[in-house]
Trainee: 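One structure coming up, written as structure tokens, with questions to follow.
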Amino acid sequence: MQTSKTLTGPPPLESGWLSRVVSSYAVRTLLQALLTIWAVVTFTFFLIRLMPGNPIDVYVGFLMNQSNLTYGEALQQAASQFSFDPNASVFQQYLGYLGDLVRGDLGTSITSTGTQVVDQIARFLPWTLFCVGLGLLISFVLGMTIGMLIAYYRNSVLDTAVSFFASVLGAVPDYIWGLLILVVFGVQLGWFNIGELRGTYDPGLTPGFTPAFIWSVVRHAFLPVLVYVIGTLGSWILNMRSSTTSVLGEDYVNVARARGLTPGRIATTYVGRNAALPLFTLLAVNIGLVIGGSVIIEELFVYKGIGSFLFFSISQRDYTSMQGVFLVIAVSVVVANILADLLYSSLDPRVRIEGER
Amino acid sequence: MTGVTTPQGPVERVPVLEVENISVAYAAARGAVRAVNNVSFTLHKGEALALIGESGSGKTTLALALIRMLVRAAKVTEGRVRYVKNGAAQDVLGLSEREIRRFRWSECAMVFQGAQNAFNPVLRLSEQFSDTARAHGKGDRAWVKRRTLELFKLVRLDPERVYNAYPHELSGGMKQRALLALGVLLDPQVVILDEPTTALDILTQRAIIDVLAEMQDRLGFSIIFISHDLALAAEMADRVATMYAGEIIETGTVDDIFYEPLHPYTLGLLRSVPRLSGSQDLISIPGSPPDLISPPPGCKFHPRCPFASERCRSEAPPLEDFGAGHLAACWHTDRVVEARQGLWSDGAVVTRG
Amino acid sequence: MSTPILEFRRVSRSFGEGRAAVPVLRNVDLSVNELEFLCLVGESGCGKTTTGKILSGLLPPTGGRVLFEGQDVSTLKGEAYGRYRRAVQIVHQDPYASLNPTQSIFDILRYPLLRHGFAKNHKQAHTRASELLELVGLTPTADVIGKYPHQLSGGQRQRVSIARALTTQPKVIVADEAVSMVDVSIRISILKTLMKMRETLGLTIVFITHDLALAKYFAWEGRIAVMYLGRVVEVGATRDVTGRPQHPYTKTLLSAIPEPDPDRTRRKEQLSLRSEDVPSLTELPAGCTFHPRCPFFEPGRCDREEPELEAVPRAESDARVACLPLTEDGTLRPYGG
Ligand SMILES: Nc1ncnc2c1ncn2[C@@H]1O[C@H](COP(=O)(O)OP(=O)(O)OP(=O)(O)O)[C@@H](O)[C@H]1O
Ligand SMILES: Nc1ncnc2c1ncn2[C@@H]1O[C@H](COP(=O)(O)OP(=O)(O)OP(=O)(O)O)[C@@H](O)[C@H]1O
Ligand code: SF4
Ligand SMILES: [Mg+2]
Ligand SMILES: [Mg+2]
């Protein structure tokens, strides 16, 4: 069309390179992500230091009990062991920390001197990601299938029963499910030997792609994954049910039937794909929630992931480790959000990310 | 039936769809909603039949019954639908699930009311054309693509651009035209259009009308066209059937219905439509449509009819032939003939004697 | 002529800020004279509803001035402003969405009556509400007054909307597509009610519709303003605009409308557009915004300067149009011909 710039429209804004850079999607997303992470880091940094007791106090108490030292002796010993100066002002500590962070240095653990926080995280994080990822994946797929199924048979006995069951699942917090499973299957029924399932795999095995190792990993991860599945399944079912119900009423589904498409094609490409779309935005939210929730679940099942590491760090008042874990959680939530966004926009052509004005 | 002369000249009258005595009822809490009652009509090859009538008169229900797309609450309580192709007839209501799936779209395509969301938003148009063809066993990709592009050109869309477009990239009028193209993809004999231009702009509507006329000319399908816009019916239809409370109360050629209506309701409709040319007084039909669960006895129109007599209140008038396929269901057509005198007196050219 | 009761002077309205702003109305001049019947016609999205909302004070303009009885409404304060708002009432398109489903018909009418002091107590409100329902033809009123909107048909609801608009004893009623959602057979009787009220109550009516035939019928004694992409392109007496359309857009529109008369509609001569795509408001064509589609487009002229509403020299019509070739030369030449 021969449309040139409008003569009567409002004058275009001053559009320097800066505004163009800032308005580009990639840059905007990155800036937003960095800002979020910075906010979380700052917030947790000060929050942690507001907790009663500092690592030295905790260790001093420990030494006094254990070795019968006087307070003065214990304090001296503790201070010499920790790379932590209780006399530096909090703000100085903050600036120092940010400086290190920019250089990619998460610092060393306060309580176990010499251990790099990065190493600790690298050791524990994969297990959590594995469990949480697997759990979410299973419950997402299962929830979508069940939700869609009951939407097809809505108002039947099946629908009523499953919906009720799903609301119960969704209403009970996941750590309660964890406790229940522990008590019922582990203690009362004795199906699982909880004591044996400590850690992420049986001690004595060397990690590798051996059947024994993989089997052990699966066995150890089974219960936490089960809890993640149970804890999120209800909401997936209910969301998918309502989303499918509304898509089933859409014109294009009716038209697809009039076009003589096969029921299978309609269920997958016409109903399923459209009904699943809104669930992808929920996925991002859920990843954050579940990683946060892993602290209690992992502690419950003595699963050595990032959650139980955090729990341990908190009890030790290990500031740098705690700080590191919070950073990891923040980053994973932000990354999950970006991924969900990208995924969503690749699935829904109406939401176009690149080149949006 | 014998040949009838329409303004376009003699048309060979080969039936493609014969609807006999069909009735449809919806199950509702208060009782059965008798949305379609004893409707019969025959659609001929290449013909455009308009179903007109006000909201709730059962137009959509009737159309849905023809392709067996009624909702679960609705049941066809009686009647027969015969589809004729190359001299062989099929009983549509007796087809199996599989057969009716094949029947839809390849024999009889239906463009729904408010088709703005007729396309799956996450699939390109090309995919929606090809999956339609595949569902009917016409999987040859090259053929589908060639035919799709050809049809886009026929409906005046830029073939290359639209082929790879997602539905949201098209305007309402473009979507409607793309849908018409999809409608004739498999070369059906019958295309049902339910309010194809409502909610579209006048200029867009004009484009659709022209495109439809051209398509029908080229491809020779028959149209069942549902509307409450009389002007649209006047422009597009060869024959018109007026529906009231689930019944066809008058049917005839478009000229019969517009210039020599025999039923008081048809006359009432004509009198209530403003015209651009001419300036007759507009008169609305008093009252409101009847309750379909417990309709009035006798002629269902009698509570609103200016000519109603004792007989109308007790005895339902049958659909009677008044010559040359002009049928009406009214006890007092003679009074309608009298009353319609002034209808076109304000300068409109009435060519028929 | 006396001062118009409502007047637009170069009124503009956009939605959104800065570069994302969508100019929905641009420099609209329009006057509504006392007791007249003015129709706003145009296609979807051309800004009819926005115009109606600005007229009735529901939406402020982002440029230009709105005058009520000669006074700029943005300078009106307190009681004077209240008087303006009460004097101009709007009836919305959708009778289903515009009535609160949890209020009875009596409640719907009672609240504005009491709030604006047109009734002092419950009893007066009841009497007044019954009068209003009678006026809009909802009789017997005793049957209707206690009902809830869902118990009424679409046509009846629209009558309730009109009754509600009348509670403040307005001078102007802006009826925005007030009958497009009700059936043909009922439409006319509602409009006739509106016409009758215009006479008995001395109302000025601004009637918004996309149906030119309807506009012609009801505004026969009045005027029509044709809008296209946020501007008025032709305004004049109804007889002129529908009988001797001047602007190419009006001409095309009239030629495109099917008529409920088989012979006439088949013989009707069509003006064909050069393009069927409606330009987007965010990328308006330069010059006359109709030029990419106009059958009378003159390259180098129409795409340069945006035309203003002016009279057509030597025309039989008194309408004012926004079309350069027409207002400067008094004639149109088919594109390429
Ligand atoms: N699912 C349903 N359950 C009960 N009654 C229904 C149902 N669908 C439609 N009806 C009723 O059937 C009658 C006919 O409806 P239908 O949609 O066929 O009318 P229509 O002539 O197409 O009207 P419109 O012009 O408004 O589209 C109406 O009275 C309507 O209320
Ligand atoms: N609040 C709003 N925010 C953004 N854009 C708006 C808003 N209100 C209206 N618009 C836009 O302004 C344009 C004109 O809208 P308006 O409702 O005035 O049109 P109209 O002529 O009444 O159309 P219709 O015949 O469809 O009712 C449309 O493109 C619409 O999308
Ligand atoms: S039969 Fe009687 S009531 Fe029915 S339309 Fe004819 S005159 Fe009217
Ligand atoms: Mg319908
Ligand atoms: Mg509007």
Side-chain angles (χ1 to χ4, degrees), chain A residues 1-3 144 148 151-156 158-159 240 243-281 341-357, chain B residues 60 63-64 66-72 95 97-125 127-138 158 164-169 175 178-179 182-183 185-186 188 191-192 194:
Chain A
M1 255 177 38
Q2 51 279 70
T3 51
M144 284 209 302
M148 200 167 140
Y152 260 86
Y153 296 99
R154 63 187 167 286
N155 300 330
S156 66
L158 177 79
D159 171 33
M240 187 63 181
S243 166
T244 308
T245 307
S246 74
V247 170
L248 280 174
E250 292 285 349
D251 288 340
Y252 53 82
V253 175
N254 248 328
V255 175
R257 286 210 297 139
R259 274 156 60 192
L261 299 189
T262 57
R265 170 87 184 165
I266 296 177
T268 50
T269 322
Y270 284 72
V271 179
R273 240 182 104 174
N274 283 290
L277 283 178
L279 271 72
F280 281 95
T281 29
D341 256 12
L342 287 174
L343 195 63
Y344 188 87
S345 70
S346 75
L347 289 174
D348 188 346
R350 286 164 296 185
V351 186
R352 222 175 307 145
I353 283 187
E354 237 70 42
E356 233 177 16
R357 303 202 320 132
Chain B
T60 302
L64 290 175
L66 301 182
I67 55 165
R68 301 225 332 240
M69 286 268 304
L70 288 167
V71 293
R72 255 180 262 164
L95 295 179
E97 268 310 310
R98 209 186 129 78
E99 287 164 335
I100 190 72
R101 183 175 75 65
R102 291 284 176 120
F103 173 79
R104 290 179 193 148
W105 219 260
S106 65
E107 306 300 335
C108 179
M110 175 160 177
V111 174
F112 290 96
Q113 196 163 0
Q116 285 311 301
N117 296 317
F119 288 106
N120 184 347
V122 301
L123 293 186
R124 291 177 197 280
L125 287 189
E127 294 171 82
Q128 310 198 35
F129 275 73
S130 63
D131 70 3
T132 308
R134 227 176 312 130
H136 293 274
K138 298 195 175 165
D158 175 1
N164 283 317
Y166 284 104
H168 73 274
E169 295 166 9
K175 264 188 266 189
L179 191 60
L182 182 58
L185 177 72
L186 305 170
V191 177
I192 303 178
D194 194 354

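Proteins come first, then strands; the chains are lettered A, B, ... in the order of their sequence lines, and each starts at number 1.
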Trainee: Quick check: closest heavy atoms across B:Val122 and A:Leu277, and the distance to 0.1 Å?
Mentor: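 Residues B:Val122 and A:Leu277, closest heavy atoms: CG1-CD1, 3.8 Å.
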
Trainee: Taking all atoms of both residues into account, what is the closest heavy-atom pair of B:Pro121 and A:Pro349, and its distance?
Mentor: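 That would be O-CG, 3.2 Å.
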
Trainee: Are the side chains of B:Asp131 and A:Thr269 in touch, meaning some heavy atoms are under 4.5 Å apart?
Mentor: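 They are not in contact (no side-chain heavy atoms under 4.5 Å apart), so the answer is no.
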
Trainee: Over all heavy atoms of both residues, which pair between A:Val255 and B:Phe112 is shortest? Give the atoms and the distance, please.
Mentor: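 What the structure gives for the nearest pair is CG2-CD1, 3.4 Å.
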
Trainee: Partners of B:Ala63 by side chain to side chain contact (heavy atoms under 4.5 Å, CB included), sequence neighbours excluded?
Mentor: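 Side chain to side chain contact (heavy atoms under 4.5 Å, CB included) list for B:Ala63, sorted by chain: B:Met110, B:Ile192, B:Ile226.
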
Trainee: Give, as side chain, backbone, both or neither, the part of B:Ile100 having an atom under 4.5 angstrom from any heavy atom of chain A.
Mentor: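 It is neither, since no heavy atom gets under 4.5 Å.
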
Trainee: Shortest non-hydrogen contact from A:Asn254 to B:Met69?
Mentor: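 Looking at all heavy atoms of both residues, the shortest contact is O-CE, 3.4 Å.
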
Trainee: With a 4.5 angstrom heavy-atom cut-off, is it the side chain or the backbone of A:Arg265 that approaches chain B, or both, or neither?
Mentor: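 It is the side chain, since no backbone atom gets that close.
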
Trainee: Could you state the interatomic distance from OG1 (A:Thr262) to CZ (B:Arg102), rounded to the nearest 0.5 Å?
Mentor: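 It comes to 10.0 Å.
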
Trainee: Kindly say whether B:Gln128 contributes a backbone atom to a donor-acceptor pair with the side chain of A:Arg259 at under 3.5 angstrom?
Mentor: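 Between the backbone of B:Gln128 and the side chain of A:Arg259 there is a qualifying donor-acceptor contact (under 3.5 Å).
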
Trainee: Measure across A:Ala258 and B:Trp105 and return the closest heavy-atom pair with its distance rounded to 0.1 Å.
Mentor: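 Minimum heavy-atom separation between A:Ala258 and B:Trp105: O-CE3, 3.2 Å.
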
Trainee: Please walk me through it: do B:Leu123 and A:Arg273 pass side chain to side chain contact (heavy atoms under 4.5 Å, CB included)?
Mentor: CA-CA 10 Å; B:Leu123 293 186; A:Arg273 240 182 104 174; 3.7 Å; yes

